[in-house]
Amino acid sequence: MSEPIRQPRRGYSVRSLPGFAVVAVFTFFALYAPILILVAFSFNAGTSLAIWEGFSLRWYAQAAANEAVQEAAVRSLILAGVAASVATVAATMAALATTRTRRFPGRTMIYALINQPLMVPEIVTAVALLIVFAWIKVATGHTSMVYLISAHTAFCIPFAYLPIRARLETMDYTLETAAKDLYASPWKVFSRVTLPLMWPGIIAGYMLAFVISLDDVVITEFVKSAGQETLPTFMLGQLRRVVTPEINAISTIILAAGAILVSLFFWLSRGRR
Amino acid sequence: MAEVSAMSEPTAGALEREAERDDNRTRWLLSLPAMIIIVLAAAGPLLVMVVYSFLTPGDYGNVKWEFSTQAWVNTILQRDIFDDTLMWADAHLSIFWRSLSLSLITTVMAFAFGLPTAWFIATQPPGKREFWLFLVTVPFWSNLLVRTIAIQELIRAEGVINNLLLLLGIIDEPLQMMFTNFAIAFGMTYVYLPLMVLPIYAAVDKLDFRLVEAANDLYASRWRTFWRVILPLIKPGIIAGSILVFIPSLGAYVTPRVLGGGKNLMFGNLIELQFGQGRNWPLGAALSLMLMAAVMVSLIWYVRVTSRERSNV
Amino acid sequence: MKKLFAAASVLALSTTGVWAQELQIYNWGNYTNPKLIDKFEAETGIKVTITDYDSNDTALAKVKAGGHGFDIVVPSNSYIPIWVGEGLLMETRPDQMPNFKNVKAEFVDVDWDPGRHYTVPWQWGSTGVVVNTKYYDGDINTSAMFLDPPEELRGKINVVPEMGDVMSLSIMYYGGEPCTNDKEVLKKVRDGLVAAKQHWLGMDYGNLEKFAKEDLWAGVNWNGSTFRMRLQNENVNYGYPKEGFPLWMDSVAVLADAKNVEEAKTFQNFVMDPENAALISEFARYANGINGSEPFMPEDMKSAPEIVIPAELVEKGVFTPTCDPETQKLYTRIWTDLQK
């Protein structure tokens with residue numbers, strides 16, 4: 001986890017740029033302002049997402065009683081976790097292969113292919129997947145979550161790949177070369193030197209992939225089979241009718257779970273250090 | 001693809017060529033899992049769309065298996081529905097232009113807010129950086145739709161921002177922000193911000209501050225250091241972030257529709273219309289393939305240009 | 001947290017199948033009353049799973065592609081001839097089911113399913129105009145509210161982005177019939193819509209709060225949705241355009257490739273029971289087509305002007321037919337021109 005400190009810190013002068021901190025603080029504030037509203041309205045006594053009618057836990061009670069929405073939430077989280085993990089591993093390997101090298105035959109092609117899912121509006125991939133996956137579903141009679149997982153993994157790959165690649169491109173060889181010179185095995189070089197150096201890029205890529213999968217509506221809507229509702233597709237159905245704070249309550253629980261998970265993770269990793 | 005070795009050293013001897021071949025094989029093997037997944041669950045199925053774009057629209061959606069180039073012609077030329085004259089499909093063009101300019105604005109704004117944020121995170125003491133990174137992504141664990149509705153609540157006529165401005169006496173009457181281009185730009189920047197921040201962070205985090213110090217020691221001004229030293233060093237991160245923001249926002253439609261009020265179509269909506277109520281799948285396929293081709297060509301051009309730059313270093 | 005883990009175990013259980021019988025329903029999102037499903041499960045012992053769709057076109061495309069695993073679907077009237085024509089529905093003969101006697105006479109011999117050989121009424125409603133009468137006190141029973149809006153309402157109008165409904169309203173306003181391909185009328189429609197658009201603020205769904213809080217003052221909307229708005233703000237009123245307005249009905253049908261056919265038929269029969277039909281209406285706030293459901297309906301719906309069409313305007317409501325493909329293409333072009 002920890003970065004070796006590469007140079008003595010001589011105060012903050014070279015690291016601070018005028019105005020940057022102000023903009024950053026403003027950005028964090030702007031990011032959380034809607035979230036505060038969202039959380040506040042999860043405690044609304046009324047049925048509205050915008051008209052405050054007093055404090056109540058009714059939407060939490062309703063969410064607790066609504067099996068369908070809980071299943072959808074859990075399914076979304078599992079789907080995002082699995083898809084982001086697989087995508088990040090595949091993207092890390094691909095990034096290692098396509099950076100820090102002279103041009104080799106097919107490099108441009110690999111690069112274009114890996115970024116392809118970014119380039120078409122979701123609805124098009126969705127319809128194409130609907131048709132192809134339906135053939136497979138009819139031919140095999142198999143309709144498990146495997147279709148959703150592979151579709152999500154595919155569109156998550158470029159989101160994981162680009163940050164990892166950006167990290168690798170700015171990395172120098174010297175440490176790895178030094179390790180090699182000291183007769184470290186290729187695997188040792190990778191696990192002890194390259195991987196720790198890449199780590200921030202991998203974390204960034206994983207987190208992007210995770211939220212991208214968690215938010216996906218259109219592809220999921222077209223690929224899902226009976227009983228495979230996710231939270232976003234559940235919400236999409238409500239768009240035309242009425243959206244109640246129940247979904248705010250669910251979102252708040254997920255946000256809280258995320259916050260707890262993250263704190264736990266840091267607490268543990270700090271303890272280890 | 002021409003095999004031009006970018007290295008300047010002469011590659012002498014069969015041994016070296018052997019090593020190069022081995023290296024190539026390893027690189028292909030490493031890329032394989034990602035490519036297989038994408039071919040199976042994204043790029044491959046798109047071939048269906050290529051085929052569909054050359055067919056006739058089915059009566060009620062889907063396609064009829066009759067060859068036709070009509071869809072491709074109609075992406076840029078259409079007959080007037082009333083007097084049957086052939087003319088430019090100006091609706092498609094103006095919708096594309098709107099999406100393009102909106103994507104540019106979004107990318108620039110995401111950069112303006114994303115760079116300082118990424119910089120701020122990357123200059124935190126090691127070990128605290130991941131905490132700030134999570135702070136950037138945690139809002140996106142909430143549902144897209146309720147999040148967008150919450151953003152709307154901020155900018156409504158009686159929303160938080162207007163009330164705040166009124167309270168501070170900056171304005172006398174509420175500003176109309178809901179359903180405006182400002183709302184779209186604000187919302188899109190919000191939604192795509194992490195896609196800009198995280199790649200830039202990954203680059204800044206690795207920035208060798210000794211170079212910055214060196215520039216300072218040589219009496220370069222802060223901004224000169226920034227433009228001439230820092231920016232070139234973190235360019236890969238900036239470019240990755242810009243690609244991740246710009247391209248998806250070209251096809252975006254949920255956020256522009258909800259925040260912009262949906263009066264004007266985005267390119268994503270136009271394509272969706274063909275697959276939905278418009279029941280013209282071939283046209284939808286042709287329009288999206290054109291978009292993909294345009295994006296792909298510029299991306300490949302970018303890869304070529306940057307790899308040439310690098311070999312010049 | 002604990003709840004989520006509990007849900008995870010439910011998730012695991014539901015796939016292993018502790019229930020002997022099951023039923024997969026594919027319906028519009030947020031449209032099925034959980035109480036209705038609980039009652040059905042308790043009475044029949046059939047485990048129901050509901051999956052949502054967001055538009056008729058999505059549902060049609062998915063079912064047509066195959067491999068979906070659904071038993072029941074609830075399409076709108078103008079789509080049912082397409083479903084039947086494509087051979088996607090099973091002829092379950094609801095007209096021979098015990099509860100069919102409860103179906104209102106006017107919903108038996110309907111254009112989209114004469115004699116009800118395939119489908120059972122679920123809910124029906126209308127598309128009309130919504131006006132906040134605090135800001136405009138003239139006659140609101142006209143499509144002029146959005147096509148030629150009075151000065152007071154300009155700039156505060158929202159039109160639902162539903163191509164079929166908006167086209168029907170506009171065509172009838174300019175003197176045509178829904179699904180017309182009369183170019184003269186359509187030219188008036190296009191020019192009228194394009195000219196009116198400058199007075200609109202948005203074309204969006206789900207504006208309950210915005211109407212309730214008076215960010216929006218007028219527009220095109222569905223009756224049940226307007227009803228819910230009025231409950232939040234009594235100045236929001238629903239108008240039935242005297243030039244003509246579209247009606248719609250969603251109906252329950254069994255898919256041709258359904259796995260649980262008997263269970264699906266049981267459900268069709270179940271929703272024709274007055275008490276159950278009332279449960280459907282209570283949740284989504286639209287009328288059903290079942291006689292005798294009134295006593296079970298919530299008080300506030302019984303005389304709601306959004307639900308009960310005024311006698312003098314009943315005649316003006318038209319169930320939108322299925323437009324032929326060529327006409328549909330013209331409409332798409334007009335719709336694109338409107339929003340370019």
Side-chain angles (χ1 to χ4, degrees), chain B residues 48 56-62 64 74 78-84 89-98 145 148-149 152-153 155-159 162 174 176-180 183 256-266 269-270 272-281 283-284, chain C residues 54-58 60-61 64-65 78-79 81-83 85-86 155-167 181 183-184 186-187 190-191 197-198 200-207 209-210 213-216 322-326 328-340:
Chain B
V48 173
T56 312
D59 286 348
Y60 303 105
N62 223 313
K64 273 194 274 215
N74 282 348
Q78 274 184 327
R79 288 194 180 281
D80 188 275
I81 45 175
F82 298 117
D83 56 20
D84 209 38
D90 63 331
H92 298 169
L93 299 176
S94 65
I95 291 167
F96 182 72
W97 179 244
R98 177 178 309 125
L145 208 61
T148 317
I149 292 170
Q152 200 152 48
E153 185 57 22
I155 59 179
R156 277 188 40 252
E158 291 168 28
N162 266 323
Q176 173 71 44
M177 289 181 283
M178 192 183 87
F179 287 178
T180 60
R257 197 179 76 187
V258 175
L259 289 175
K263 240 170 80 171
N264 299 314
L265 291 176
M266 294 291 148
N269 299 84
L270 178 68
E272 193 225 1
L273 177 66
Q274 310 307 327
F275 285 105
Q277 300 177 70
R279 295 176 193 157
N280 194 342
W281 289 24
L283 180 59
Chain C
D54 71 309
S55 74
N56 275 304
D57 299 282
T58 307
L60 181 63
K64 209 173 156 183
S78 62
Y79 281 75
I82 305 175
W83 285 82
E86 303 266 356
K156 294 286 184 183
I157 293 171
N158 179 75
V159 175
V160 288
E162 200 71 20
M163 181 169 105
D165 287 337
V166 175
M167 285 300 289
N181 56 6
K183 292 264 169 92
E184 237 169 85
L186 289 180
K187 198 162 171 36
R190 186 192 64 179
D191 297 344
K197 189 187 156 191
Q198 55 175 311
W200 304 349
L201 184 57
M203 291 177 75
D204 193 14
Y205 296 113
N207 290 304
E209 278 88 10
K210 280 166 235 149
K213 292 188 119 178
E214 305 186 349
D215 284 317
L216 293 168
T322 314
C323 302
D324 69 76
E326 280 311 309
Q328 187 79 10
K329 240 178 252 172
L330 288 179
Y331 290 7
T332 309
R333 290 286 302 278
I334 294 174
W335 193 247
T336 313
D337 272 348
L338 174 65
Q339 299 184 76
K340 76 181 174 196

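Owing to the predicted nature of the structure, the values given are computational and were not obtained by experimental measurement. Only heavy atoms go into these numbers, but all of them, side chains included; no hydrogens, no water, no symmetry mates.
Contacts of C:Leu186 with chain B are made by both backbone and side-chain atoms, with heavy-atom separations under 4.5 Å. Heavy atoms closer than 4.5 Å to chain C are found in the side chain of B:Leu273, but not in its backbone. Neither the backbone nor the side chain of B:Leu93 comes within contact range of chain C; no heavy atoms are under 4.5 Å apart. Residue C:Lys210 touches chain B through its side chain alone, counting heavy-atom pairs closer than 4.5 Å. Heavy atoms of C:Thr58 lying under 4.5 Å from chain B are absent altogether.
Atom CD1 of C:Ile157 is separated from atom NZ of B:Lys263 by 10.0 Å, given to the nearest 0.5 angstrom. Within the model, atoms NZ of C:Lys340 and CZ of B:Arg98 stand 10.5 Å from one another, a figure rounded to the nearest 0.5 Å. Distance CG/C:Asp204 to CZ/B:Phe179: 4.5 Å, rounded to 0.5 Å.
Contact between B:Tyr60 and C:Cys323 at its shortest, heavy atoms only, is CE2-O, 3.9 Å.
Formation of a donor-acceptor pair under 3.5 Å by the C:Gln328 side chain with backbone atoms of B:Gln277 is found in this model. Using modelled atom types, no side-chain atom of B:Arg279 and backbone atom of C:Asp57 make a donor-acceptor pair closer than 3.5 Å. Of the possible polar contacts, one joining the C:Arg333 side chain to the B:Arg79 backbone as a donor-acceptor pair under 3.5 Å is found.
Residues passing the ring pair (Phe, Tyr, Trp, His ring centres under 6.0 Å) test with C:Tyr79: none are found, sequence neighbours excluded. Residues passing the salt bridge (charged side-chain N to carboxylate O under 4.0 Å, His left out) test with C:Glu86 are C:Lys64, sequence neighbours excluded.
For the options B:Arg257, B:Gln274, B:Gln152, B:Gln78, heavy-atom pairs under 4.5 Å to chain C are most numerous at B:Gln78. The choice from C:Thr336, C:Thr332, C:Asp215 that makes the most heavy-atom pairs within less than 4.5 Å of chain B is C:Asp215.
Put simply, the side chain of B:Gln176 reaches to within 4.5 Å of the side chain of C:Leu201, judged on heavy atoms.
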